[in-house]
Amino acid sequence: LNPSFSGSIDVFGADADLIIDNTLIDIKTTTSKSLVRRDAYQLVGYLLLDYEDSYQINSLGFYLSRVPALVVLPADEYISKMSNGQETIRTLRKDLKALLALDIF
């Protein structure tokens with residue numbers, strides 16, 4: 001519960017909701033059966049903040065507690081879809097870490 005990541009300090013202590021069996025899960029308490037883009041970016045942000053891949057996250061998911069439903073996708077597929085196949089988790093982690101080290105935020 002509430003895992004933090006090596007990069008959490010770079011974004012003022014962000015922590016996720018849950019990791020189970022290498023799946024990072026964000027819990028949403030909404031009656032909507034769809035998600036907003038911001039939610040998807042937030043989950044990817046947590047994935048990328050695990051700079052050293054300490055949790056070995058291989059899937060990303062949302063648990064919609066009021067529906068109820070659990071939606072899970074492989075993390076590499078998630079990133080590929082969001083970037084039109086242009087990015088990988090490894091390169092995005094490296095780039096995010098470098099960007100946040102600039103201390104311009």
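It should be emphasised that the depicted structure is a prediction, and the values quoted were computed from it without experimental measurement. One-based numbering along the sequence shown.
- In Asn2, the CG atom is crowded: over 12 heavy atoms of neighbouring residues, nucleotides or ligands sit closer than 6.0 Å.
- Counting heavy atoms from C-beta on, the side chains of Leu18 and Tyr63 never come closer than 4.5 Å.
- Following chains of ILVMFWY side-chain contacts shorter than 4.5 Å, one cannot reach Ile9 starting from Phe12, and the two form parts of different hydrophobic clusters.
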Evaluate the side-chain contact (heavy atoms from CB on, under 4.5 Å) criterion for residues Arg37 and Met82: first the C-alpha distance (whole Å), next the side-chain angles of each, then the deciding distance (0.1 Å), finally the verdict. CA-CA 10 Å; Arg37 188 177 302 244; Met82 290 182 78; 5.9 Å; no

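- Heavy atoms only, all atoms of each residue included: Ser65 and Thr29 are closest at OG-CG2, 3.2 Å.
- To the nearest 0.5 Å, the span separating NZ on Lys28 from CG on Leu35 amounts to 8.0 Å.
- Leu73 contributes atom CG, which lies 8.0 Å from atom OG of Ser59 (distance to the nearest 0.5 angstrom).
- Rounding to the nearest 0.5 angstrom, the gap separating the CG atom in Leu47 from the CZ atom in Arg93 is 5.0 Å.
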Run the side-chain contact (heavy atoms from CB on, under 4.5 Å) test on Ile57 and Asn22 for me, step by step, so that the C-alpha distance in whole Å, both residues' side-chain angles and the decisive distance to 0.1 Å come before the verdict. CA-CA 4 Å; Ile57 297 164; Asn22 303 96; 5.7 Å; no

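- Side chains of Tyr46 and Asp26: a donor-acceptor N/O pair is absent below 3.5 angstrom, by distance only.
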Residues Leu96, Leu49; criterion side-chain contact (heavy atoms from CB on, under 4.5 Å); working and verdict: CA-CA 8 Å; Leu96 179 63; Leu49 288 172; 4.0 Å; yes

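- Aromatic ring orientation, Tyr55 versus Phe5: perpendicular (interplanar angle above 60°, classes split at 30° and 60°).
- Using a 4.5 Å cut-off between side-chain heavy atoms of Ile, Leu, Val, Met, Phe, Trp and Tyr, with links allowed through other members, Tyr41 and Val36 fall into different hydrophobic clusters.
- With sequence neighbours excluded, no residue forms a side-chain contact (heavy atoms from CB on, under 4.5 Å) with Lys94.
- Summarising the geometry, atom CG belonging to Asp17 is positioned 10.0 Å from atom CZ belonging to Phe62; distances are rounded to the nearest 0.5 Å.
- With values rounded to the nearest 0.5 angstrom, Leu70 atom CG is found 10.0 Å from Ile27 atom CD1.
- The CG atom of Asp76 lies 14.0 Å from the CZ atom of Arg90; values are rounded to the nearest 0.5 Å.
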Could you go step by step and tell me if Leu102 and Leu99 meet the side-chain contact (heavy atoms from CB on, under 4.5 Å) rule? CA-CA 5 Å; Leu102 295 175; Leu99 178 67; 4.1 Å; yes

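- Nearest heavy atom pair, residue Ala16 against residue Leu24, reads CB-CD1, 3.5 Å.
- Taking each heavy atom of Leu64 and Ser32 in turn, the nearest pair found is CD1-O, 4.1 Å.
- Counting all heavy atoms, side chain and backbone alike, Ile89 lies closest to Leu48 at O-CD2, 4.0 Å.
- In this structure, Ser8 contributes its side chain and Ala14 its backbone to a donor-acceptor pair below 3.5 Å.
- Note on Leu60: it clusters hydrophobically with Val11, by side-chain heavy-atom contacts below 4.5 Å among ILVMFWY residues.
- Ser83 contributes a side-chain N or O that, together with a main-chain N or O of Ile79, makes up a donor-acceptor pair within less than 3.5 Å.
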